[in-house]
Each structure stands twice: as C-alpha cells, then as structure tokens.
2 protein chains.
Amino acid sequence: MGKKSTDHLSGISSIPLFHGLPEPALNLLDNILEEREFLRGENIFTEGSRSTGFYIIVKGRVKVFKLSAEGKEQILHIVGAKELLGAVSAFAGNPYPAFADAMEKTKALFFPQNDFLELIRKEPSVVMNMMANLAMRLQHFTRMIDDLSLKEVPGRLAAYLLYMCEQNGCSDSVEIDISKGQLASLLGTIPETLSRILRKLSDNRVLEVKGKKIRLMNKKALRDIINGIDRVKS
Amino acid sequence: MGKKSTDHLSGISSIPLFHGLPEPALNLLDNILEEREFLRGENIFTEGSRSTGFYIIVKGRVKVFKLSAEGKEQILHIVGAKELLGAVSAFAGNPYPAFADAMEKTKALFFPQNDFLELIRKEPSVVMNMMANLAMRLQHFTRMIDDLSLKEVPGRLAAYLLYMCEQNGCSDSVEIDISKGQLASLLGTIPETLSRILRKLSDNRVLEVKGKKIRLMNKKALRDIINGIDRVKS
DNA sequence: TATCTTTTTTGACATAAGTCAAGGATATCA
DNA sequence: TGATATCCTTGACTTATGTCAAAAAAGATA
C-alpha cells in the first residue's frame with residue numbers, strides 16, 4: 001500500500017482491537033485493511049443489507065440509527081475514532097440491523113470479512129479484544145434499555161449530562177458535540193420535547209444553557225431527577 | 001466430580017459455547033464447571049455486585065431485569081436452557097448491570113472467571129462461539145431499543161407475538177409461557193395496559209385470547225400495527 | 001370443597017410526551 | 001455581506017399510557 005504503510009502501522013497499533021499485537025501481525029493487517037472516506041451525511045451501510053466486513057473509524061464520527069415507519073430516527077450509538085462499526089453483523093453473519101451515516105467527514109479502515117477469519121487463526125488474541133468491545137457495547141445497550149423504559153425524558157437527559165460530565169473530567173460544564181435534534185434522537189425523544197425540558201431546567205437553575213454549552217448548576221437535582229424525584233415538574 | 005462426570009460430558013458438548021471441542025478440552029471443562037441449583041424466585045445475582053464468573057443454564061429459566069427507582073421492573077431477556085447468564089460482566093470485568101432471578105427451579109453450571117482465562121489459552125475456539133453469542137444478544141438488544149423507542153405498546157406486542165409464532169413453527173397459535181404481568185414487563189409496559197390492548201385486539205378479531213393461549217387470527221393486521229397502521233385505535 | 005393468595009381485568013382519572021404549525025435564531029455558502 | 005437553508009423554540013392541542021382503586025378470575029393450600 002506504498003506511501004501510507006507507516007501511517008497504517010502507527011495507526012493500527014493504537015486501535016484497541018489490535019493492542020499488543022506483534023510486528024508480523026501488524027504487517028499482515030496493513031495489507032488487509034482498506035482505507036475509505038465518507039462525506040458528511042453519506043450513508044455507510046443500510047438496515048437489512050448484507051455485511052461484507054466491518055470498519056474501524058480513524059477520524060470523524062458515525063451515527064448508527066434505526067428508523068420508524070414514519071421516518072422518526074432513534075440513534076443507537078455514535079461511533080468515534082478508534083471504535084468499531086458493523087462488527088457485530090460482520091461477525092454474526094447477519095444483515096446490518098440499522099443504518100449508519102457519517103456525521104462529518106470520516107476516515108475509516110475497512111476490514112473484509114474473509115480476511116478476518118484468517119487473522120483469527122493466526123492471531124487469536126485479537127478476538128479477546130473484540131469480545132471486550134462487544135461486551136462494552138452490550139452494557140451500553142443494557143443501560144439504554146433501562147433508560148428508555150424506566151425513566152422519563154428528563155431522567156434520560158440528566159443521566160446523559162452527568163455521564164458526559166464525568167467523561168470530560170467533569171468541570172461542571174458539558175459541550176454537546178451533536179445538534180440538539182440529534183441529542184433528542186439519542187435520548188429517544190423529539191426536538192420539541194428536549195427543548196421544553198432544557199427550558200424548564202434552565203428556569204429552575206438546574207442547568208445553564210448557552211447554545212451547545214450546558215453548565216450543570218445543581219448536580220444533586222439532576223441525580224434526583226434520574227431517581228424520579230422531580231423538582232422540575234411544578 | 002464422580003458420578004456426574006459423564007452427565008457433564010454429554011451435557012457440555014450440547015452447549016453451543018462448547019460445540020466441536022476435542023475430548024481433552026471437554027474433560028478439562030468437566031473439572032472446571034460447578035453445578036448449582038436455584039429455586040423458583042431465588043436471586044442469582046444482583047445489580048451492582050461483582051461478577052466472579054458466569055453461568056450456563058442447563059434446565060429452567062432465568063429472568064434478567066432492571067428495576068426503576070419505584071420498583072417497576074423491565075425484563076431485559078429471559079435466559080433458557082443452553083444459554084449463557086452473566087457472561088458479559090464476567091468477561092468485561094464489570095459488576096452485573098442487572099438482576100437475575102430464577103423463574104422456576106433452575107439447574108446451571110457455574111464457570112469461574114479465573115478458569116475461563118486458562119481455558120481460552122488452551123482452547124481459543126471457545127471464544128469464537130462466545131463472540132457469536134454476544135453478537136446475537138447485541139442484535140436482540142438493538143431490536144429491543146428499536147421497539148421501545150419507536151413503536152407503541154400494541155406494536156411491541158404484535159412484534160412479540162409474530163416472533164413467537166415463527167419460533168414455534170407457527171401454527172397461528174402462541175402459548176405464552178410467562179405470566180401476563182411478566183410479558184408486560186418484557187414489553188416495557190404494565191399489566192393494565194397489556195390487558196386493555198389484548199382486549200381491544202380480541203374485540204377486533206385480530207387475536208383470540210384464552211388464558212395464556214393466543215391465536216393469531218389476522219397476521220396482516222398485526223404487521224400493520226407494527227408499522228403504525230393501527231386499525232385498532234378506533 | 002372452601003379459603004386464601006395471586007393474577008388479571010375494568011373503570012375513572014392524570015399526565016408525559018407526541019403532533020401540528022409558526023416564528024426566531026443560527027449556520028452555511030455564494 | 002446578504003440570502004437561504006437548517007436548526008431551535010414556543011404554543012395549542014391530542015393521545016397513549018401510566019396511576020390508583022376495586023372487582024373478578026384463576027391458582028394454590030389446607
């Protein structure tokens with residue numbers, strides 16, 4: 001793959017899936033992986049279509065989502081750099097269960113299904129990393145199902161904000177890096193509802209919303225909302 | 001493990017996770033696996049507790065569920081014979097993300113975490129089977145999230161019934177093997193709502209409900225309901 | 001069979017959240 | 001910079017589904 005080989009190698013070893021692999025395995029990978037680029041909004045795969053492999057995102061972000069009959073979208077997750085896309089289907093040999101669109105200009109490495117089987121034979125440890133990845137995602141979905149069915153929208157929002165806050169070292173301020181419409185979809189609701197809830201929490205001095213920047217003024221209140229002790233209703 | 005050894009061996013090879021393993025591996029497993037029994041209603045593990053291994057269900061059924069702050073339960077899945085219980089947490093090294101209770105007298109094989117790492121070194125192919133298992137469950141959750149957020153309760157019920165019908169060779173008749181209250185929880189709703197919807201579908205001759213036996217009189221209508229074309233509202 | 005418990009059904013009611021529609025605010029691009 | 005498209009907000013309204021309470025039905029126990 002000429003010029004880009006070294007890029008690949010350094011890139012490859014920084015991918016969790018390939019952590020700790022010996023040099024020969026990395027070289028093998030370098031020959032297998034195929035670089036692909038997607039524009040903002042471009043579709044990467046479609047629900048129901050057969051999977052021929054999976055992607056490792058290098059740069060950019062991809063939203064994986066389902067569509068209702070009326071076209072309402074529910075984002076399942078957002079896949080960012082160094083994460084896997086479409087691995088479950090590729091592995092299980094099932095069609096893709098959801099859509100995937102690039103949210104911005106995205107660079108990814110495509111890993112063809114056939115080559116994967118070969119790699120596993122030569123380097124079984126990869127599978128361990130992959131299992132960890134699947135396990136993590138399962139836990140994410142478990143929490144999501146929990147949220148969707150047991151919490152009301154303000155609770156899901158509060159959980160999301162507190163979670164985001166923790167991720168970013170938690171300076172009491174969260175910068176949401178997706179549109180509010182997309183956030184609504186991620187929370188399993190619609191923009192109008194999200195907007196109203198942000199307003200109410202703002203009025204009650206639980207949050208301070210400035211565009212995409214949200215300050216968590218009262219984390220205790222947020223935790224209470226998650227637990228159904230809703231001081232915001234009134 | 002004396003007398004039960006051969007039981008184990010025949011049992012073990014019939015577990016998808018251990019399909020196709022050579023004799024020595026099976027013997028190794030026989031020494032590792034620990035038989036455990038649970039009574040109806042007995043708790044097997046609790047949300048938040050540390051996992052020390054996972055179970056392979058031999059007989060009986062286990063419900064895995066989350067609890068809301070007010071005690072409302074959402075069943076995530078029901079684990080039956082030959083399936084894995086708690087594998088994700090055991091593997092990811094995280095605490096259990098949900099509760100698990102035996103729904104009836106249940107026999108299971110416990111697989112301690114430490115021994116698992118050893119097995120993988122000796123028999124990496126097990127991991128492949130395990131990944132397939134995780135992948136399948138991920139797809140199940142994907143569908144579940146889809147249902148919970150994009151479909152209304154009648155749609156979820158319809159999807160459930162049609163799915164069950166397909167599973168059982170589909171003689172147009174489904175015998176639900178859990179209580180209606182539990183089914184409500186599985187569908188992310190409450191018994192009252194489920195009862196009302198069953199009533200309505202009965203009145204409209206889409207279903208015929210006799211206790212736990214449900215006949216699908218009009219599958220086309222059920223499919224329409226899933227797609228939001230709801231002939232039952234009126 | 002009779003008694004007790006649990007599950008299911010029904011009714012009246014409350015409410016969270018969705019729909020529809022329109023006006024502002026922001027971003028994007030020439 | 002101005003023009004155009006997208007995103008966000010707000011209001012009025014509807015509705016699916018949850019809550020509470022009580023009766024009916026079905027199972028379990030003695």
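Lettering of chains follows the sequences in order, A, B, ..., and the numbering in each one begins at 1.
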| message | Can you identify which nucleotide, out of C:dT9, D:dA16, C:dA17, has its nearest atom closest to the B:S195 side chain? | response | C:dT9
| Strictly under 6.0 Å, is that where the ring centroids of A:F45 and A:F54 end up? | no
| When the distance from CD1 of B:I190 to C1' of C:dC13 is rounded to whole Å, what number comes out? | 13 Å
| request: Give the minimum heavy-atom separation between A:G80 and A:I57, together with the two atoms involved. | output: O-CB, 3.4 Å
| When we call it a touch if two heavy atoms are under 4.0 Å apart, what does A:K212 touch: a base, just sugar-phosphate, or nothing? | sugar-phosphate
| said: With a 6.0 Å cut-off on the ring centroids, do A:F65 and A:H77 count as close? | reply: no
| request: Please report, rounded to the nearest Å, how far the P atom of C:dT8 is from the CG atom of B:L198. | output: 11 Å
| remark: B:K200 atom NZ is separated from C:dT8 atom C1', nearest whole Å, by 18 Å
| task | For B:R199 and D:dA23, give me the distance from atom CZ to atom P, rounded to whole Å. | result | 19 Å
| query | Between D:dC7 atom C1' and A:Q182 atom CD, what is the distance in whole Å? | reply | 11 Å
| cation_pi(B:R137, A:F141) dist<6.0 Å, angle<=45 | no
| task | Figure out the CZ/C1' separation between A:R156 and C:dA17, and round it to whole Å. | result | 9 Å
| task | Could you work out which one of C:dT9, D:dC7, C:dT10 sits closest to the side chain of B:K180? | result | C:dT9
| message | Nearest whole Å is fine: how far is D:dC20 P from B:R196 CZ? | response | 14 Å
| Heavy-atom closest contact (B:Y96 atom, B:R50 atom, distance) | CE1-O, 3.8 Å
| What is the distance from CG of A:L194 to C1' of D:dC7, rounded to the nearest Å? | 12 Å
| Hey, is the side chain of B:S179 poking within less than 4.0 Å of OP1 or OP2 on C:dT7, counting only N and O atoms? | no
| request: Among the candidates D:dA12, C:dT8, D:dT19, find the nucleotide nearest to the side-chain atoms of B:E192. | output: D:dT19
| For D:dA16, does either OP1 or OP2 sit under 4.0 Å from a side-chain N or O belonging to B:T193? | no
